[in-house]
Amino acid sequence: MKPARTRIAPSPTGRFHLGGARTALFDYLLARKTGGQFILRFEDTDRKRFVPGSEEEIIRSLDWLGITPDESPVHGGKYGPYRQTERREIYQRYAGILVEKGSAYPCFCTPERLDQMRREQEARKVERVRYDGLCRRLDPEEAARRVAAGERHVIRFKMPYEGTTTAHDHLRGDIVTENKYLDDYVLLKSDGLPTYHLSAMADDHDMEITHVIRTAEWLPTFPLHVQIIRAFGWEEPVWIHPSIFLKPSGKGKMSKRDDAAAIKDGYSIFVDDLQGLGYIPEGVLNWMALMGWGVAEDDVMTLDEMIARFSIDNLTPSPAGINFQKLDHFNGTHIRLLATEDLARRLKPYLTGAGLAVDNDTLLKVTPLIRERLVTLDDCIPFAGFFFKDGVEPSPEELVAKGLDAQQSADIAHKAYDILASLPTLSHQVAEPPMREFVERSGLSANQVFGILRVAVTGQKVSPPLFESMEVIGREKVLERLQRAVELLKKM
RNA sequence: GCCCCCAUCGUCUAGUGGACCAGGACGCAGCCCUUUCAAGGCUACGACCGGGGUUCGAAUCCCCGUGGGGGCACCA
């Protein structure tokens, strides 16, 4: 396959969400797969909706995911500028060409007139509300004069009133639309900036984009876009329209309200939130890729594996409901795949962020103990926080073993103390055998005995394996904590 | 209302006319392992939206319903 040039063309009007990220992923995979380029271009022609900071958020999110663009406003490239407001003259020139060719025309109708026109059509219950063609019927020379005189106007595309347009989507085949259901869409606004219809087609052409991957919300104007390209006489890219993401129930588009609910549960549809929630790029990427990309088996993949296996032929056209439980699964899976040093390095900020004093030696020893218990990175706080505290405060109630009372539990703790105190070190190889013997002799269950020790030493009922944990904590502290537990139990 | 798209287990999906009494993954349930919690292993449950065609044969092709989604801006 020839090197593909793909692009993601977000508008900086809000936060960067999963849908945009998945499109970016597919773009990235196709570009890498074919040895081409992945481009980021900002479609910022809607100045009214511009949100400061959103460009930065998009770039930050792509970086974090590890799918950094080859060309963009910040990374540069030979096809720039990559921000549409900086390409204003280009669109005006292209709009002029279309007018000259007779495929577009200036329109002087005011918003008020258009509004009134629509209301009348609605009242008449016309099949399709569309521009009535008032300015389309203007004499071109008169129109040109009015434009030259500086009269406020837009440029509209001259859509044929009859016939059909056939557009081809790689996933869906030919899509045939009757032109009468289309409209004389505005290409250039009265502020001189283009609408998406003009700017995206022009830029994709100028930037030599070979494959346009965009979501299915563009399908209704797909025939328009194809017509614009044909009016210019340009070559069409390969069009790929995956479906949008649905909310977890599979019913309805993912919305801000759903996101508010998701955040409460520790999830978010915004990529920039995911790191803070403990997700790793590998997990997020793997999860996103599988929504809209059909993989028969062996669905755990790193980015490199995805590149190796990716094909636009395996993309699916049906809508996908997002499933955060599956995100958790892939996140945990990829955490377990990480090398110890790598995982430790990623864990550290969460621990220090929780106010814990982390030293690297201890962290390196702790990491293998908690690795398969982590779903998200921030899970390390409840699982391993006690390793980095001077003392623990076990609740007396939790120190009491099931089926025993406080005095019996104190007795067990005391005997355990004596055994451990007699040992030269508390490496788990040294400490575990005598404790097992003790369990045998006591007639109690390992569960009961080790349960008391666990709470005494870690301060919690759930922890990494007991003897490995004691080894990391160290003989001195372990004995100290056991003694303290005996005291607490005796006071009950 | 009109137009467009989609349709396999609850969810993500494999399946491109016979290899399918439909495979995998998540979740769920049970069992094994086990000092807690996990991880891991095994097993179970679980779907071709409905109706017509085409064909010797249809999850796969066509039509009609139904359901779901998207779009109808000087937004993208």
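In what follows, chains are A, B, ... by sequence order, proteins preceding strands, each numbered from 1.
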Chemist: Strictly below 4.0 Å: does A:Thr45 bring a side-chain N or O up to OP1 or OP2 of B:rA76?
Modeler: yes

Chemist: I'd like to know if A:Arg88 pairs up with A:Asp191 as an ion pair, taking the criterion as any Lys NZ or Arg NE/NH1/NH2 lying under 4.0 Å from an Asp or Glu carboxylate oxygen.
Modeler: no

Chemist: Are the charged groups of A:Arg87 and A:Asp206 less than 4.0 angstrom apart, N to O?
Modeler: yes

Chemist: If the C1' atom of B:rG1 is compared with that of B:rG53, how far apart are they to the nearest Å?
Modeler: 32 Å

Chemist: Could you tell me whether A:Asp204 and A:Arg41 make a salt bridge, using a distance below 4.0 angstrom between a side-chain N and a carboxylate O?
Modeler: yes

Chemist: Checking all strands, does A:Arg118 fall into the base, sugar-phosphate, or nothing category for heavy-atom contacts under 4.0 angstrom?
Modeler: sugar-phosphate

Chemist: Over how many whole Å does the gap from A:Asp313 atom CG to B:rG15 atom P extend?
Modeler: 11 Å

Chemist: Strictly by modelled atom types, are A:Arg214 and A:His225 linked by a side-chain donor-acceptor pair under 3.5 Å?
Modeler: yes

Chemist: Which part of the nucleic acid, if any, lies within contact of A:Ser243, taking any heavy atom under 4.0 Å across all strands shown: a base, the sugar-phosphate backbone alone, or nothing?
Modeler: nothing

Chemist: Let me know the distance between CD of A:Glu297 and P of B:rG15, rounded to the nearest Å.
Modeler: 11 Å

Chemist: Establish, with yes or no, whether the OP1 or OP2 oxygen of B:rC75 is under 4.0 angstrom from a side-chain nitrogen or oxygen of A:Lys189.
Modeler: yes

Chemist: Under 4.0 Å, heavy atoms only, any strand: does A:Tyr181 hit a base, just the sugar-phosphate, or nothing?
Modeler: sugar-phosphate

Chemist: Please tabulate, one pair per line, each protein N/O and nucleotide N/O from nucleotides 40-43 of chain B that are separated by under 3.5 Å, including the distance.
Modeler:
| residue | atom | partner | partner atom | Å |
| --- | --- | --- | --- | --- |
| B:rG40 | OP1 | A:Arg336 | NH1 | 3.3 |

Chemist: Are A:Lys365 and A:Glu468 close enough for a salt bridge, meaning some N to O gap below 4.0 Å?
Modeler: no

Chemist: From the options B:rC6, B:rG69, B:rA39, select the nucleotide whose nearest atom is closest to the side chain of A:Leu246.
Modeler: B:rG69

Chemist: Given B:rA76, B:rU13, B:rC74, which nucleotide is nearest the side-chain atoms of A:Thr316?
Modeler: B:rU13

Chemist: What contact category does A:Ser445 fall into here, base, sugar-phosphate, or nothing, at under 4.0 angstrom with non-hydrogen atoms?
Modeler: nothing

Chemist: Is A:Arg49 paired with A:Asp46 through a side-chain N to carboxylate O contact shorter than 4.0 Å?
Modeler: yes

Chemist: Using the closest heavy atom to pick a nucleotide of RNA chain B for each, name whichever of A:Thr177 or A:Ala9 lands nearer the 5' end.
Modeler: A:Thr177

Chemist: For a quick check of understanding: with a heavy-atom distance under 4.0 Å over all strands, which category does A:Pro368 fall into, base, sugar-phosphate or nothing?
Modeler: nothing

Chemist: When the P atoms of B:rA14 and B:rC49 are considered, how many whole Å apart are they?
Modeler: 14 Å

Chemist: Students often get this wrong, so: under 4.0 angstrom with heavy atoms, is A:Val186 touching a base, only sugar-phosphate, or nothing?
Modeler: sugar-phosphate

Chemist: Quick check: A:Tyr105 with A:Phe157 (ring centres under 6.0 Å apart)?
Modeler: no

Chemist: Checking A:Arg152 against A:Phe108: charged group under 6.0 Å from the ring centre and within 45 degrees of the axis?
Modeler: no

Chemist: Is any side-chain N of the basic residue among A:Arg15 and A:Glu57 closer than 4.0 Å to the acidic one's carboxylate O?
Modeler: yes

Chemist: Between atom CG in A:Asp184 and atom P in B:rA73, what is the gap in whole Å?
Modeler: 13 Å

Chemist: Please work out if A:Val300 contacts a base, only the sugar-phosphate, or nothing of the nucleic acid, heavy-atom cut-off 4.0 Å.
Modeler: nothing

Chemist: Tell me what A:Trp218 touches on the nucleic acid: a base, only sugar-phosphate, or nothing, going by heavy atoms under 4.0 Å.
Modeler: base

Chemist: Rounding to the closest angstrom, what is the interatomic distance between B:rG70 and B:rA39 at atom P?
Modeler: 35 Å

Chemist: Considering only the C1' atoms, how many Å lie between B:rC21 and B:rC42, rounded to the nearest integer?
Modeler: 23 Å

Chemist: Is a salt bridge present between A:Arg118 and A:Glu120, judged by a nitrogen-to-oxygen distance below 4.0 Å?
Modeler: no

Chemist: Hey, do the aromatic rings of A:Tyr196 and A:Trp218 have their centres closer than 6.0 Å?
Modeler: yes

Chemist: Base, sugar-phosphate alone, or nothing: which one does A:Arg128 contact when heavy atoms must sit under 4.0 Å apart?
Modeler: sugar-phosphate

Chemist: Establish, yes or no, whether the cationic atom of A:Arg83 lies under 6.0 Å from the six-membered ring centre of A:Phe42 and within 45° of the ring axis.
Modeler: no

Chemist: Below the 4.0 Å mark, does B:rC74 have OP1 or OP2 next to a side-chain nitrogen or oxygen of A:Thr195?
Modeler: no

Chemist: Which whole number of Å gives the distance between the C1' atom of B:rA19 and that of B:rC26?
Modeler: 28 Å

Chemist: Heavy atoms under 4.0 Å, any strand shown: does A:Leu453 hit a base, just sugar-phosphate, or nothing?
Modeler: nothing

Chemist: When rounded to the nearest Å, what value does the distance between C1' atoms of B:rC2 and B:rC9 take?
Modeler: 35 Å

Chemist: Kindly give the atom pairs (protein nitrogen or oxygen, nucleotide nitrogen or oxygen) under 3.5 Å for nucleotides 25-29 of chain B.
Modeler:
| residue | atom | partner | partner atom | Å |
| --- | --- | --- | --- | --- |
| B:rA25 | O4' | A:Asp299 | OD2 | 3.4 |
| B:rA25 | O2' | A:Asp299 | OD2 | 3.2 |
| B:rA25 | N3 | A:Lys326 | NZ | 2.8 |
| B:rC26 | OP1 | A:His329 | NE2 | 3.3 |

Chemist: Below 4.0 angstrom, N of the basic side chain to O of the carboxylate: do A:Lys158 and A:Asp184 qualify?
Modeler: no

Chemist: For B:rA44 and B:rU36, measure between their P atoms and round to the nearest Å.
Modeler: 27 Å

Chemist: Over all strands shown, is A:Gly332 touching base, sugar-phosphate only, or nothing at heavy-atom distances under 4.0 angstrom?
Modeler: nothing

Chemist: With rounding to the nearest 0.5 Å, note down the distance linking CG in A:Leu338 to CZ in A:Arg371.
Modeler: 8.0 Å

Chemist: What does A:Pro111 touch in the nucleic acid at a heavy-atom separation under 4.0 angstrom: a base, only the sugar-phosphate, or nothing?
Modeler: base

Chemist: Mapping A:Gly173 and A:Leu374 onto RNA chain B by nearest heavy atom, which one lands closer to the 5' end?
Modeler: A:Gly173

Chemist: Just name whichever nucleotide pairs with B:rA29, Watson-Crick or G-U, keeping both distances under 3.5 Å, else none.
Modeler: B:rU43

Chemist: Could you state the atom-to-atom distance from CD of A:Glu217 to C1' of B:rC3 in whole Å?
Modeler: 16 Å

Chemist: Using the C1' atom in both, what is the distance from B:rG24 to B:rA76, to the nearest Å?
Modeler: 37 Å

Chemist: Any protein N or O atoms within reach of nucleotides 30-37 of chain B? Criterion: under 3.5 Å, listing atom names and distances.
Modeler:
| residue | atom | partner | partner atom | Å |
| --- | --- | --- | --- | --- |
| B:rU35 | OP1 | A:Arg436 | NH1 | 2.8 |
| B:rU35 | OP1 | A:Arg436 | NH2 | 2.9 |
| B:rU35 | O2 | A:Arg454 | NH2 | 2.1 |
| B:rU36 | N1 | A:Arg454 | NH2 | 3.4 |
| B:rU36 | O2 | A:Ser463 | N | 2.8 |
| B:rU36 | O2 | A:Ser463 | O | 3.0 |
| B:rU36 | N3 | A:Arg454 | NH1 | 3.4 |
| B:rU36 | N3 | A:Ser463 | O | 2.6 |
| B:rU36 | O4 | A:Pro465 | N | 3.3 |
| B:rC37 | O2 | A:Arg373 | NH1 | 2.9 |
| B:rC37 | N3 | A:Arg373 | NH1 | 2.3 |

